[in-house]
Amino acid sequence: MCGIIGFTGLDDAKEALIDGLQSLEYRGYDSAGISFFEGSSDKIDTIKTVGKVSCLADKVEEEGNMETTCGIGHTRWATHGGVTEVNSHPHTAGRVTLIHNGIIENYGELAEELAKEGIKPVSQTDSEIAAMVINYYYDGNPVEAIKNATKRFEGAYGFCIMFKEYPGEIYAIRNGSPLVATHYDGGSVIASDVVALIKYSKDYFVLQEQQIARLTKTDITIQDMDGREIDPEYLHVSWDIAAARKGGYDYFMLKEIHEQPEALQKTIMPRIKDGMPYLLDDGIDDDVFKNCNRVVIAGCGTAMHAGLVGKNMMEKLTRIPVSVEIASEYRYADPIIDDKTLFMCISQSGETADTIAALRLAKEKGAKTISVVNVKGSSIARESDYVLYTHAGPEIAVASTKAYSVQLSCMYLLAFRMAAARKSLVDDEIKELVKLLKKTITDVTKLLKYDSQIENISTMLHKASNLFFIGRGLDYALSCEGSIKLKEISYIHSEAYAAGELKHGTISLITDNVPVIALATQDNVYGKMISNVQEVRSRGASVILITNAGVSVDPALCDHQIMLPKMDDRFAPFGAAIILQYIAYYTAVGRGLNVDQPRNLAKSVTVE
Ligand code: F6R
């Protein structure tokens, strides 16, 4: 949420900032802006505009012919204050210019205090108030100003700050919102996401909470709030720049859909030893599973939906009660947690504010915590007792696709290992399941070839204004995922319903030609599911039916049937996910929408 970048080095900073913002644009695209020191002088110029980074690039081309080697840039997802140029970042107050990711919750109170001193903002943003507070405490010493000002801030922040008297230098501090940085031969770079650094170096470090970084073209120094110098721990990214580029695809989302077999391969295969699930290299030993009497899985959106599938598998295989919680609700629900609770959280970014808060609450109450996370060194990964990294590589499209599939695979691996640890299944049964999990990699590869079939079928959805996803058991969990994917990028209202629940109210919304996407991949409820499809069909619904391979249905039952390749029904979610991702993608493309940057959304939700 909000992309931020700072560059100081030997090369043109404007180019570095625009390039960095382009790679961070998925974090917010309401407006964009940069500020930079003119040459080696202490004059700071700011160029900003409403709209995408491409609009900013045009404006910089027109107005920004001055030379610079040090600057900061921001792409905004609006929280406080409308989408206007004055509310765009960077914000300047006196001798301080900053960019901010996060929310200063007590900004109203701070603004009142400043007003009493006659200091008034020009924008409606909490970020400008932050700049004003830092400027208020600034008497020529940047670090002291940052320390004194941040003591007054409540909320989350990642700041990059330039002080007029310090050309060529960028100061940064974080609390909650992520910041990563690297120093390379040509200078120093800091950003909200490693995708903006990879062009310079594959080695980077995560700025830890309440540490202050000072970037110059020759080095980066870090100190904590007590002035102690800190040696950052450098991490290494295993993917390269090509992974963060579209690589010939029309959209990142399509590219990421196609990357699923590789992501699954990288996530599953290193965790299989002698045919059994093996998590010791991740530091997860069997005692973790033996010592719990219940599991809680928390996450948001798609990540939470992966948890719904995880619950189904874990309960079936281990007979341990599992609950799935929406992280933003969980933290305020006074939940029952104790030291026998195994708390799992799922997050692609590892920075989702609500999921972090749920994790902290679970830890505080004594639960052991395992996180399933894609981004190395992210807050959730660092704060959990154990981490099972998904190896999806960078996910740039706002709609999560490959991250979901690998999250599913981790849920299965955890369920299998738990069953082994608790001896709820014998090893041979587990080995059979492991084989089936490996087979999903080839099944998903086959499913990628369904693209043109699904593109054709999706034309029936282009003009829809409402539709339903229905399913039972695992298919209900997949319906939830299919529905969020479709609505977030196609803007068609849709709902996911447990198929048996339709009759309890919702079926009144089914009229002629309302599309219903029905998932019927689960053998134990297949007959019941077909009855539910008949119920909507007889009320005029247009039906797309997703079944297992070789299932023949009465042609009158649906408009289109999409058959999975031959898959064990317990593993059908991996296949159904691809079909549902394609349905969402081709429907949105057919409606002429920007699939990667749906309106109002942003990747990585670092505010509550
Ligand atoms: C939907 C989507 C979101 C995220 C959710 C959690 O396609 O991407 O629902 O799944 O915002 O994000 P992470 O996984 O980063 O915690």
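By convention here, the first residue in the shown sequence is residue 1. Order of appearance sets the numbers: ligands from 1, and atoms from 1 within every ligand.
- The pair Lys363-Glu383 fails the salt-bridge criterion, with no side-chain N (NZ, NE, NH1 or NH2) lying under 4.0 Å from an Asp/Glu carboxylate O.
- With respect to Lys266 and Glu262, a salt bridge is recorded, a charged nitrogen being found less than 4.0 Å from a carboxylate O.
- No cation-pi contact links Arg76 to Tyr29, judged by a cut-off of 6.0 Å to the six-membered ring centre and 45° from its axis.
- In this structure, Asp338 does not pair ionically with Lys365, as no charged nitrogen and carboxylate oxygen lie closer than 4.0 Å.
- Considering only residues two or more places apart in sequence or on other chains, Arg174 meets the side chain to side chain donor-acceptor pair (under 3.5 Å) condition with Glu209, Ser379.
- A salt bridge links Glu259 with Lys402: the distance from a Lys NZ or Arg NE/NH1/NH2 to an Asp or Glu carboxylate oxygen falls below 4.0 Å.
- Enumerated by chain and number, the residues approaching ligand 1 to less than 4.0 Å through a heavy atom are Cys300, Gly301, Thr302, Ala303, Ser347, Gln348, Ser349, Thr352, Val398, Ala399, Ser400, Ile484, Lys485, Glu488.
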